[in-house]
Each structure stands twice: as C-alpha cells, then as structure tokens.
Protein chains: 2
Amino acid sequence: MSQSSYHHGNLREALLERAVEVLGEVGVEGLSLRGLSRDLGVSHGAPARHFSSKGELLSAIAKEGYRRMTAAALMAAEGKTSAVERLRAMGRASVRWAMRNRAFYSAIMNPDVNRYGDEGLQASLQDYLAVVRAAFEAAQAEGWKPKHKLQALQIFGMATTIGASIIFSDYLKSNLFGELNDEKLIDEIIDLVIPPL
Amino acid sequence: MSQSSYHHGNLREALLERAVEVLGEVGVEGLSLRGLSRDLGVSHGAPARHFSSKGELLSAIAKEGYRRMTAAALMAAEGKTSAVERLRAMGRASVRWAMRNRAFYSAIMNPDVNRYGDEGLQASLQDYLAVVRAAFEAAQAEGWKPKHKLQALQIFGMATTIGASIIFSDYLKSNLFGELNDEKLIDEIIDLVIPPL
DNA sequence: AAAGAATGTTGTCAGTGACAACATTAAAAA
DNA sequence: TTTTTAATGTTGTCACTGACAACATTCTTT
C-alpha cells in the first residue's frame with residue numbers, strides 16, 4: 001500500500017476505476033490496456049500482473065457490475081410491504097441502475113466478455129439470478145400470474161428488464177421512439193410486466 | 001463482374017458474406033478486415049475500397065440484418081387473421097430470427113457500431129420500427145391493452161423481444177436458467193406480452 | 001481508341017495485446 | 001535482523017490490426 005515511485009501500490013483498483021471511466025466515454029472497443037497504463041502513469045506491461053488480458057479486465061468489471069446491480073435491486077426492495085411491490089421495485093431499480101451505469105452495463109452485456117468464463121463472474125451472475133429468482137417466486141406465490149411457469153415468468157421479466165435497459169441507455173435508439181420521458185415510461189413498462197396490486 | 005486475377009469482381013458481397021460467417025464464429029472482436037482479406041485471397045488494402053473502416057462494415061451488416069429481420073417479421077404475419085395474431089407472430093419470428101442469425105444480431109446490438117451513424121443504417125432501423133409500430137397500433141386498436149399508451153406498449157414489447165433474443169441466443173446464459181426448451185418458452189413469453197385472443 | 005473512374009496491390013505507420021526477461025520492492029521466513 | 005521469496009513494475013519484442021498513401025490494373029464511358 002506504500003507508494004514508492006516503482007510500485008504503484010493500488011494498481012488493480014486504479015485500473016478498474018479508470019477503465020470504468022473510459023468505458024463510459026468510448027465503449028469497449030475504445031478501451032485499451034496500454035491507454036489505461038498511460039493514464040495511470042505506469043508502464044504498458046504493468047496491468048498484466050492484475051489482468052492477463054483485456055477480457056479479464058472486462059470480466060472483472062462485469063463481475064463488480066453484477067454485485068452493484070444486485071445491491072441496487074435489493075436496496076430498492078427494502079421497506080416494500082408485499083412481494084409484488086418488491087419485485088416491481090427491483091425491476092425499476094435494475095433499469096435505472098443500467099441507465100446510470102452504462103460503463104458497467106456495457107461490460108455485463110458484451111458477449112465477447114463472457115466467453116472468458118471467469119469463475120468469479122459466473123458466481124456473481126448466479127448470485128444475481130438467485131436474488132431475482134427468489135423475488136419472482138415470492139411474487140407469484142402472492143398471486144401474480146399463478147398459471148404460468150416460474151421459469152417463463154422469470155425469463156419474461158428479465159428479458160423485459162434487459163431490453164428496456166438497452167433501449168433506455170442508448171441515446172440513439174431512444175430518439176427513434178420520439179421524445180422519451182424515461183421515468184414515467186419505465187414505470188408504465190413495469191406496470192405492464194407486473195400489474196400493481 | 002468478370003474475374004480477372006486482379007479484380008475480384010464481387011468483393012463487396014464476398015466480404016459481407018464472409019464477415020457474417022466470421023461474426024458467427026468469433027464475434028465482433030474477432031473480426032478483422034485483414035483476416036477477411038486473407039480468407040478471400042485478396043490484398044489487405046482491398047476492403048478499404050468498399051468499407052473504409054471496420055465500423056462501416058459492421059454497419060452494413062447491421063443494416064442488412066434489419067432488412068432481413070423486418071422481412072422475417074412481415075412474412076410471419078402473413079396469413080394471420082387478426083392484428084393481435086399478427087403481432088404475436090412477429091414477436092415470435094423476431095426472437096427466432098435473432099437466435100438463428102446471431103452474426104447479424106451481434107452487429108445490430110453492438111453499441112460501438114451505431115456510433116458510426118450510417119445514414120442507411122438509420123433508415124433501415126426506421127423502416128423496421130415503422131413496421132413494428134404499425135403492428136402494435138393495429139393490435140391495440142383491436143383491443144389489446146387499450147388503456148396504455150402506444151409508445152409504452154411498443155417499448156414494452158420490443159424490450160421483451162430484445163431481451164429474449166439476447167437470453168436465448170447466448171448459450172452460456174441459457175444454461176444459467178436451467179435447461180431451456182426454447183420454442184415452448186418463447187411461445188409462453190409471447191403469451192405473457194400479448195395474450196392470445 | 002483514349003480518358004477517366006473503379007477497383008486492387010504494395011508499402012508503411014502507429015496502436016494494441018501478449019509474452020518473456022529483468023528490476024525493484026514488499027512480505028515472509030530464518 | 002537478515003535472508004529468501006513472492007508480488008509487482010519495467011523494458012523489450014513480436015505479430016496483428018486499422019488506416020492511409022502511392023501506385024497498378026482493369027472496366028466504363030466518352
């Protein structure tokens with residue numbers, strides 16, 4: 001943790017932090033390990049000690065993204081008085097989180113990332129899915145669409161969430177739908193997936 | 001159109017065709033103009049005459065993808081006897097098309113592509129959206145969720161379609177939900193978005 | 001037949017990811 | 001404390017890539 005001029009002292013975290021900034025500015029294709037090195041005043045070989053490839057760096061960002069998205073969803077559910085309301089809050093929170101954390105979300109969604117099949121990444125995704133699944137299960141137990149299979153309901157809900165996140169976090173596409181009042185529209189879409197009680 | 005050894009004769013189409021193959025195998029990051037040149041037995045500078053950058057090539061693929069997806073949706077709607085059934089068929093067809101055309105879909109979804117803001121690409125997307133919008137409008141006029149705003153319904157439906165396409169076309173993620181019977185699940189999800197009459 | 005436009009080739013450059021050999025510092029062991 | 005070892009950073013190098021410029025060949029149009 002010391003900062004001699006030779007050892008950075010906190011390079012791993014610094015790389016992740018700067019990478020998230022860069023991702024938000026120029027996207028996955030514009031991110032480069034060497035660029036990060038320059039930004040942090042470190043040699044081009046240094047990142048390799050922490051991330052053996054660009055894919056591994058992106059995986060780490062995706063993993064942290066899942067952690068934060070899960071936390072955001074759980075926090076939004078707190079204090080709600082019914083499982084249906086909790087699920088609705090989680091859906092809203094997920095879409096909002098994606099809009100406000102494009103950098104993380106772009107790492108999560110990048111198909112070229114998952115192929116590097118980080119174990120930790122898989123675990124984080126599993127955790128997220130477990131939380132989501134429990135919420136769907138509880139909502140159904142409370143009377144939401146009792147005739148449908150839980151698996152179908154979960155994929156339905158998650159698909160809508162993912163799609164909405166993509167649409168709302170892409171300025172370009174958003175414009176194609178006309179002017180969007182994001183907050184109201186998100187609420188209305190949540191209503192369509194899980195009608196309020 | 002002749003094939004002297006100097007002029008390829010059909011390079012633009014050949015590049016697109018091969019690029020789609022490569023995209024399906026190794027994804028956007030694995031696609032390279034020089035690799036395509038090698039595959040086609042052409043010099044590394046040749047593609048520049050047709051696509052001034054990798055982004056432009058991807059844009060062209062995305063554009064063609066929109067065209068085909070639109071065609072697939074319209075074809076699926078043919079012969080259906082109600083607007084609701086047409087909309088349901090279009091949703092099913094879109095998800096199936098994405099599953100069967102991952103290469104095109106990965107170009108369509110790649111956020112780093114759209115930034116190159118091809119005019120033609122924008123136009124194709126507009127065409128697709130116009131077709132979709134008309135279908136949603138007709139379904140609503142027929143009694144589907146009359147109390148909701150058309151814009152919200154369209155984004156809801158498209159979001160679910162996009163999300164389902166992503167989930168179903170990703171082997172890795174599919175496994176996380178347990179074994180998926182894709183066809184049946186897609187049908188059930190369509191039912192959840194647009195209940196059958 | 002000649003001129004000009006398309007199309008393809010060759011050469012080159014800087015940027016990149018990846019790796020190996022080496023340097024420095026921190027941590028652990030003795 | 002001293003020594004050894006592990007962690008971390010540096011430098012050098014390689015092949016690959018996208019992009020561009022100068023040049024060559026062929027097609028099209030006049």
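All of these numbers come straight from a predicted model, not from anything done at the bench. Just so you know, these numbers use all the heavy atoms, side chains as well, and skip hydrogens, waters and symmetry mates. Chain letters run A, B, ... following the sequence lines, proteins first and then strands; every chain starts at 1.
- In this model, the phosphate group of D/dA19 is not approached by any side-chain N or O of B/H44 to a distance below 4.0 Å at OP1 or OP2.
- We find that CG of A/L31 is positioned 10 Å from P of C/dT16, with the value rounded to whole Å.
- Side-chain contact between A/L15 and A/V42 is absent, with no heavy-atom pair separated by less than 4.5 Å.
- Whole-Å rounding puts the B/E13 CD to C/dT7 C1' distance at 15 Å.
- The nucleotide whose nearest atom lies closest to any side-chain atom of B/L33 is, among D/dG18, C/dG17, D/dA7, D/dG18.
- For A/V42, counting side-chain heavy atoms from C-beta on, the closest listed nucleotide (D/dG9, C/dA18, D/dA19) is D/dG9.
- Regarding A/D39, its CG atom lies at a distance of 14 Å from the P atom of C/dG15, rounded to whole Å.
- Residue B/R12 is the one, among A/G35 and B/R12, whose nearest nucleotide of DNA chain C lies closer to the 5' end (criterion: closest heavy atom).
- When rounded to the nearest whole Å, the span between CZ of B/R49 and P of C/dT10 equals 14 Å.
- For B/S32, whose side chain is taken as the heavy atoms from C-beta onward, the closest listed nucleotide among D/dT10, D/dG18, C/dC19 is D/dG18.
- Contact annotation: B/R38 side-chain N/O to D/dT17 OP1/OP2 distance is under 4.0 Å.
- B/R86 places a side-chain N or O within donor-acceptor distance of the main-chain N or O of B/K80, the cut-off being under 3.5 Å.
- Remark: P of C/dA14 and CZ of A/R34 are 14 Å apart, rounded to the nearest angstrom.
- Out of C/dA18, D/dT10, C/dG8, the shortest distance to the side chain of B/A46 is found at C/dG8.
- In terms of hydrophobic clustering, with Ile, Leu, Val, Met, Phe, Trp and Tyr side chains grouped at heavy-atom distances under 4.5 Å, B/L129 and B/M109 are assigned to a common cluster.
- Going from atom NE2 of B/H8 over to atom C1' of C/dT9 covers 15 Å, rounded to whole Å.
- Between A/E188 and A/K184 no salt bridge is recorded (no basic side-chain N to carboxylate O distance below 4.0 Å).
- In this structure, B/L11 places its CG atom 15 Å from C1' of D/dT25, rounding to the nearest Å.
- The distance from atom CG of B/L36 to atom P of C/dG8 is 14 Å, rounded to the nearest whole Å.
- Judged purely by atom type and a 3.5 angstrom limit, A/K145 has no side-chain atom pairing as donor or acceptor with the backbone of A/A139.
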